[in-house]
There are 2 protein chains.
Amino acid sequence: MSDGSLRKGLQRAELARRIGCNHETVRYYEKVGLLPAPPRTTAGYRRYDANHERRLRFVLRARELGFCLDEVRTLLRLVDESDQPCSEARDLAAAHLAEVRAKIADLKRMERVLKDVVVRCADGTRPECPLIETLFGGKAA
Amino acid sequence: MSDGSLRKGLQRAELARRIGCNHETVRYYEKVGLLPAPPRTTAGYRRYDANHERRLRFVLRARELGFCLDEVRTLLRLVDESDQPCSEARDLAAAHLAEVRAKIADLKRMERVLKDVVVRCADGTRPECPLIETLFGGKAA
DNA sequence: TTTGAAGTCTGTAGCGATTACAGAGTCAAG
DNA sequence: CTTGACTCTGTAATCGCTACAGACTTCAAA
């Protein structure tokens, strides 16, 4: 540590540990434009400040809610550039909510069928297999 | 069409159309060992029979239930090689069912939060944005 | 002082499950 | 004979990371 004004910055792994994500992910987010490029020490090491940390947390929380990186980019743009972000943000969230619900519906269909075949397979000692027959023959939906 | 014994076979796109999947997917499944390599005409064109069709349907139904390709491979192996497939098949289905339920739980968490923020965003004309504030600050879970 | 561990840097390749494309060959109808 | 629709192969793109390789830096202990 030798660069005066950057003395207090966080290193990449340090930042990642604090926030609980992979340190490669931090670099990746910078590469794809989700995090601003941080200043570097004379040796070329990145030094992060509280603002980077805040932004990274934002991205990770958005990911936890299932937003894709492009949607996260849009949200960050709204934060940075719009003084009335809520309208667009709300639309984005509503659209995403619809997708999430569609996925849930898909998975519930799968769950229903799977639960049914597992029950019908019972202890697995039957000569024919309900799962395999379902996949070959039947109404899988 | 000139090869005697293969006269009645289906071409790739034909097979794909009948079953309702992309014709590239058929080739891909062959490459990764989910479909047996079909015989070829003298010009090197693939000719599929009813058995290929049956197998492809099996794979696609399994995919609809969310099984990954490796699980599908296992199921096909059970079909081909085991005379008591049901026990293993049942275990596979049960494990997959658990995964599906875990995904549903994940998505429901997302849904809950998203529904909440969309409601709180109301008509999107508020000065501060509940979604953005949630992502920056709050308990996103 | 040396040396070793643990960090950092870059660029690149891998995952899974497709999908798409380029460039060449084949085939049947008009 | 040409046109259009098919086929073939191999390879690259997608998404969101994750994991290397090979070189450099930093820091603390021996």
Side-chain angles (χ1 to χ4, degrees), chain A residues 1-4 6-35 37-48 52 56 59-76 96 99 103 106, chain B residues 1-4 6-7 9-35 37-48 52 56 59-76 96 99 103 106 110:
Chain A
M1 219 174 267
S2 55
D3 294 74
L6 297 170
R7 210 183 325 243
K8 303 175 104 160
L10 289 133
Q11 296 201 110
R12 187 151 50 95
E14 228 170 332
L15 173 65
R17 262 194 304 270
R18 276 169 75 102
I19 289 190
C21 76
N22 192 306
H23 74 286
E24 301 272 24
T25 307
V26 179
R27 189 162 66 104
Y28 175 69
Y29 285 167
E30 178 185 334
K31 196 177 79 174
V32 298
L34 287 169
L35 292 180
R40 308 278 188 127
T41 65
T42 47
Y45 285 22
R46 293 171 181 84
R47 288 290 142 137
Y48 299 95
H52 292 101
L56 179 53
V59 174
L60 292 174
R61 285 214 184 84
R63 297 288 300 125
E64 277 169 28
L65 291 183
F67 288 105
C68 70
L69 294 188
D70 215 54
E71 290 168 327
V72 179
R73 237 185 308 268
T74 300
L75 287 169
L76 285 168
H96 180 53
E99 276 174 34
K103 271 188 199 157
D106 265 13
Chain B
M1 218 173 268
S2 55
D3 295 74
L6 297 171
R7 208 180 329 240
L10 290 132
Q11 294 202 109
R12 187 151 51 94
E14 228 171 331
L15 174 65
R17 262 195 303 272
R18 276 170 73 103
I19 289 190
C21 75
N22 192 306
H23 74 286
E24 301 272 25
T25 307
V26 179
R27 189 163 67 101
Y28 174 70
Y29 285 169
E30 179 185 332
K31 197 177 78 175
V32 299
L34 288 168
L35 291 180
R40 307 278 188 126
T41 66
T42 48
Y45 285 21
R46 293 172 181 84
R47 286 292 141 135
Y48 299 94
H52 291 103
L56 179 54
V59 174
L60 292 174
R61 285 215 185 83
R63 296 288 301 126
E64 278 170 26
L65 291 182
F67 288 105
C68 71
L69 294 188
D70 215 55
E71 291 167 328
V72 179
R73 237 185 307 268
T74 300
L75 288 169
L76 286 168
H96 180 53
E99 275 173 35
K103 272 189 199 156
D106 264 14
M110 297 179 197

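To find a chain, count down the sequence lines: A is the first, B the second, and so on, and within it residues start at 1.
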Atom CZ of R47(A) and atom P of dT8(C): how far apart are they, to the nearest Å?
8 Å

Sequence neighbours excluded, the answer for side chain to side chain donor-acceptor pair (under 3.5 Å) partners of N22(A) is none

Produce a footprint string for nucleotides 10-21 of chain C: one letter per nucleotide, 5' end first; B if the base is under 4.0 Å from any protein heavy atom, S if only the sugar-phosphate is, - if neither.
BB-----BBSBB

With sequence neighbours left out, the residues meeting side chain to side chain donor-acceptor pair (under 3.5 Å) with H52(A) are D49(A)

Y45(B) OH to dC6(D) C1', in whole Å, measures 6 Å

Interatomic distance where CZ belongs to R18(A) and C1' belongs to dG7(C) [whole Å]
18 Å

Residues passing the side-chain contact (heavy atoms from CB on, under 4.5 Å) test with R18(A), sequence neighbours excluded, are L10(A), E53(A)

Check the distance between dT7(D)'s P and L15(B)'s CG and give it to me in whole angstrom.
10 Å

My understanding is that only residues two or more places apart in sequence, or in another chain, count here; which of them pass side-chain contact (heavy atoms from CB on, under 4.5 Å) with R27(B)?
R12(B), E24(B), R46(B)

For D70(B), enumerate each residue passing the side chain to side chain donor-acceptor pair (under 3.5 Å) test, keeping only those at least two apart in sequence or located in another chain.
R73(B)

Rounded to whole angstrom units, what separation is found between the CD atom of Q11(B) and the C1' atom of dG25(C)?
14 Å

Just verifying a value: how many Å separate L34(B) CG and L75(B) CG, rounded to the nearest 0.5 Å?
10.5 Å

